[in-house]
Amino acid sequence: MPTITLPNGDKKSFDHPITAAQVAASIGAGLAKAAIGAKLDFGDGPALRDLSTTIDRDASIAIITAPKPNQAATPDALYLMRHSAAHVMAEAIQDVIGKDVQLAYGPPTDTGFFYDMFVPAGKKISSDHFDAINKRMAEIIKEDRPFTRYEQPGDEGLKRLKSEGNKYKVDNAERALGLPSSVYQSAKPLAATPDTSSLRHSVTPSLSFYATGAPGRNWEDLCRGPHVPSTSRIGAARVMSLASAYWHGDENSDRLIRVYGTAFPTQEQLDAYLNQLEEAKKRDHRVIGRALRLFHIDEDVGQGLILWTPNGSIIRKELQTFIASELKKQGYTEVFTPHIGRLELYKTSGHFPYYKDSQFAPIVEREDLEKLSAAGRTCAEMTNRVEAVSERLARGINERTGAQTITPDRIKPDDQLIEGFMLRPMNCPHHAKIFASSPHSYRDMPVRLAEFGTVYRWEQSGELNGMTRVRGFTQDDAHLFCTEDQVAAEVQGCLTLVKIIFATLGMKDYRVRVGLRDPDSAKYTGSAESWDKAEAACIAAAESLGVAFSKEPGEAAFYGPKIDFVVKDVIGREWQLGTVQIDYNMANRFDLSYVGPDNHPHRPVVIHRAPFGSMERFCGVLIEHFAGSFPTWLSPEQVRVLPISEKTNEYAGKVMAALRAADVRCSADLGNDRVQGKIKVAADEKIPYMLIVGPRDAENNAVSIRARGTEKDLGAMPLEQFIDGIRAEIAEKRAELGVRP
RNA sequence: GCCGCUGUAGCUCAGUGGUAGAGCGCACCCUUGGUAAGGGUGAGGUCGUGGGUUCAAAUCCCACUAGCGGCUCCA
């Protein structure tokens, strides 16, 4: 007979099996009323369950409740409500579009839920249907139909699903039963059961179904649950958007329509969320970037290629100056290298064969093309000769790495090869060549070569996104060539740099991933001992950051472990910014060495690191972080002088000149607007300081201050004092606008 | 790359088969005003590109191109 442990440690014993709802009722009527689910632990870990779950053995329980008014829902409560809302939305869609819409998979997400579905040919779902779907969802919620769970033996349930002709549900059922799929075939290994929760569920020999109402009479769906007790407990739900998704995320498989929705306990909370989305859109770096004229993308220049306009260029330049000064302190040396290199170089590095499809096409010499053309050769022949490697190179690479990237049919004698150049996808080959250009003693190590190096990658067109995903970008790159013993200290130094940058910019909302090797894979280069040491160094360095980080086995590059910094944009998408990667491969490929204390050559270890990642992406994220209101040191325009009338224009000009002489970025608004109008314009442009000057100020050699974010006149102060104040603020890279009379 | 949506003035957008519109911005004029837009006049568009249907296309159809939202990918 079950003994049930409550969250506070109290125990309750019952002499008969009991439902979670009854447990709630035994604690209090208010709890029973608010309950929408339960987290039960039968000793195998906590799992969310229906309130109707029968408890027939010892368990600990936490009742999940709907939030009180004005209270935020717990993640568990939202999970239950949204998972349930997905069913309601699916029913509504089938009512609006047609019963022949086939449902596939509908889980909750961080911000709501989605349901993937197959819409038969001839039918269509579009945003025009949203009003009707929303209306139908509201009706179903209002009807307050119970979510009724029932189970069928696996074979029986499967037979029934097969007779219904929905292969997606058959597939779901087969996977729930632990059977191989009879309907889904793919070259790719089957993904693990998609599961957005950390909750565990066991494979059972039966299948569970949920009817929204009475089984057989109302709408129902194969589902493992759990759900809220009845539809009215969902609160407020809404369909949000349409997208496409592949079945099993497999691009060679069926394309499904993914319908996104969200649900909140109350209409007010849903409205607040929608409002928040609207606000987030205003922070979008693409919107602010245009409004503040920070960057431009021009169709005629090309997709994914950023033109830094004067305002954006100031921000970038300030950031680069900032980081360059930190690099100097850490003993880096700066280098400059070209944006292209010979194909041979990237064949040596392995980039060309390995990442062929995500690079710009090679630049082939005109003479070669003409020769081939005159000889009647095809395009395929040209490609073959461009992509092939010399015997010498193939030997070299195979010897050291067993390189899988060169196939024997692509090895050609030198006179068969077509040479060419490539836009560089990475800076490391150039830096490796600089390292190799002079001999090195262990006494010189580490050698730290830094460059704001622009690289070009052929990103898929559908991936391009403002400044955050582009085809040409500048890494704040550096390569540290060090001895094995120096790896830990150098990784530590890289993280210190990242920490300084993030702290200076007030960026706190990021996460850290430590990518480790997959213990079951053999694709990695470098010795096991080196990997052990490097992984330990990465973990130790990450621990020293004082920030939560995740260890991610299998996420290492094939050439070494790495540490990535990831931030979210305003609409919740994650972007990788800074990265630190340890590389055991490159030094081999380029045959790099230094002379050790034993007077023999040794292989250096290479660390790739870019604390910002790319200037483009970093600035994009930074625009959103500050919502365009940059601290003074980064602001394209730091001060604007606003004369009250044209009578004070001359003094305004003097003020501007004095500020410019003090290295402050400043302009004066000498138009014939009234001062209210000039303030509005300057405020819209998010300029940190407005100096309003009239005859009174001119007489006293003073300025009246108005700081961004302060909706009033702060009073007047002597011009010289203002200049001293703002210079200090800029020099110290202060986050706040602090110059006051 | 794939699916869906979108492309009209510098920007934000209205215009569903019959002479191209608004607000903001811009230019000029009046106003000389002490803290989030005083007033007026004017310039500015081969309606993303190319085909097609039609007496007639910004509008309907097709293709391309670019952007947006997802998916897949990301050294």
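A, B, ... follow the sequence lines: proteins, then strands. Residue 1 opens every chain.
Among the atoms of the strands shown, base atoms are found under 4.0 Å from some heavy atom of A/Gln359. Within the nucleic acid shown, A/Glu459 has no heavy atom closer than 4.0 Å to any nucleic acid atom. Looking at heavy-atom distances under 4.0 Å, A/Leu464 makes contact with sugar-phosphate atoms alone, never a base. Across all strands shown, A/Glu299 has heavy atoms under 4.0 Å from sugar-phosphate atoms exclusively, and none from any base. Among the heavy atoms of the strands lying under 4.0 Å from A/Arg255 are primed sugar atoms or P, OP1, OP2 only; no base atom is included. Here A/Glu711 lies in heavy-atom contact (under 4.0 Å) with a base. Note on A/Asn672: a base of the nucleic acid sits closer than 4.0 angstrom, heavy atoms only. Counting any heavy atom pair closer than 4.0 Å across all strands shown, A/Gln676 reaches sugar-phosphate atoms only and no base atom. Residue contacts for A/Ala557: at a heavy-atom cut-off of 4.0 Å it reaches no nucleic acid atom on any strand shown.
Partner assigned to B/rA9 is none, using Watson-Crick or G-U wobble distances below 3.5 angstrom. Base pairing analysis places B/rG34 opposite nothing; no Watson-Crick or G-U wobble pair with both distances below 3.5 Å involves it. Across all strands shown, B/rU41 pairs with B/rA27; the Watson-Crick or G-U wobble distances both stay below 3.5 Å. Using N1 to N3 plus N6-O4 or O6-N4 for Watson-Crick, or N1-O2 and O6-N3 for G-U wobble, each under 3.5 Å, B/rA56 pairs with nothing. Using Watson-Crick or G-U wobble geometry with both donor-acceptor distances under 3.5 Å, B/rC68 finds its partner in B/rG4. Shown here, B/rU19 forms no base pair; nothing in the strands shown gives a Watson-Crick or G-U wobble contact with both key distances under 3.5 Å.
For the residue pair A/Asn427 / A/Glu451, no side-chain donor-acceptor distance below 3.5 Å is found, with atom types taken as modelled.
By the 30° and 60° cut-offs, the orientation of the rings of A/Tyr168 relative to A/Trp247 is perpendicular. The aromatic rings of A/Trp458 and A/Phe360 stand perpendicular to each other, their planes meeting at an angle above 60°, with 30° marking the opposite boundary.
Atoms OH (A/Tyr355) and C1' (B/rC74) sit 9 Å apart, rounded to a whole Å. Put simply, CZ on A/Phe114 is 19 Å from P on B/rG4, counting in whole angstrom units.
Side-chain to base pairing of A/Arg293 with B/rC11: no donor and acceptor N or O lie closer than 3.5 Å to each other. Remark: the A/Ser704 side chain and the B/rG34 base include a donor-acceptor N/O pair separated by less than 3.5 Å. Judged by distance alone with a 3.5 Å cut-off, no donor-acceptor contact links the side chain of A/Ser241 to the base of B/rG69. Taking 3.5 Å as the limit, the base of B/rG4 and the side chain of A/Tyr260 contain no donor-acceptor pair of atoms between them. Below the 3.5 angstrom threshold, one finds a donor paired with an acceptor across the side chain of A/Asp697 and the base of B/rG34.
For B/rG10, neither phosphate oxygen OP1 nor OP2 lies less than 4.0 angstrom from any side-chain nitrogen or oxygen of A/Arg290. At B/rG1, one or more side-chain N or O atoms of A/Ser461 fall inside 4.0 Å of OP1 or OP2 (strictly under the cut-off). Here A/Asn649 does not reach the OP1 or OP2 of B/rU32: none of its side-chain N or O atoms lies under 4.0 Å away. For B/rG67, the OP1/OP2 oxygens have a side-chain nitrogen or oxygen of A/Gln303 closer than 4.0 Å.
For the side chain to side chain donor-acceptor pair (under 3.5 Å) criterion with A/Glu279, the lone passing option out of A/Gln276, A/Lys282, A/Lys281 is A/Lys282.
Within a 6.0 Å sphere centred on CG of A/Asp298, heavy atoms belonging to other residues, nucleotides or ligands number more than 12.
Candidate nucleotides B/rA36, B/rC68, B/rG34 were compared by shortest atom distance to the side chain of A/Arg286, and B/rC68 ranks first.
Remark: A/Arg258 is positioned above the aromatic ring of A/Phe114, its terminal NZ or CZ atom under 6.0 angstrom from the ring centre and at most 45 degrees off the axis.
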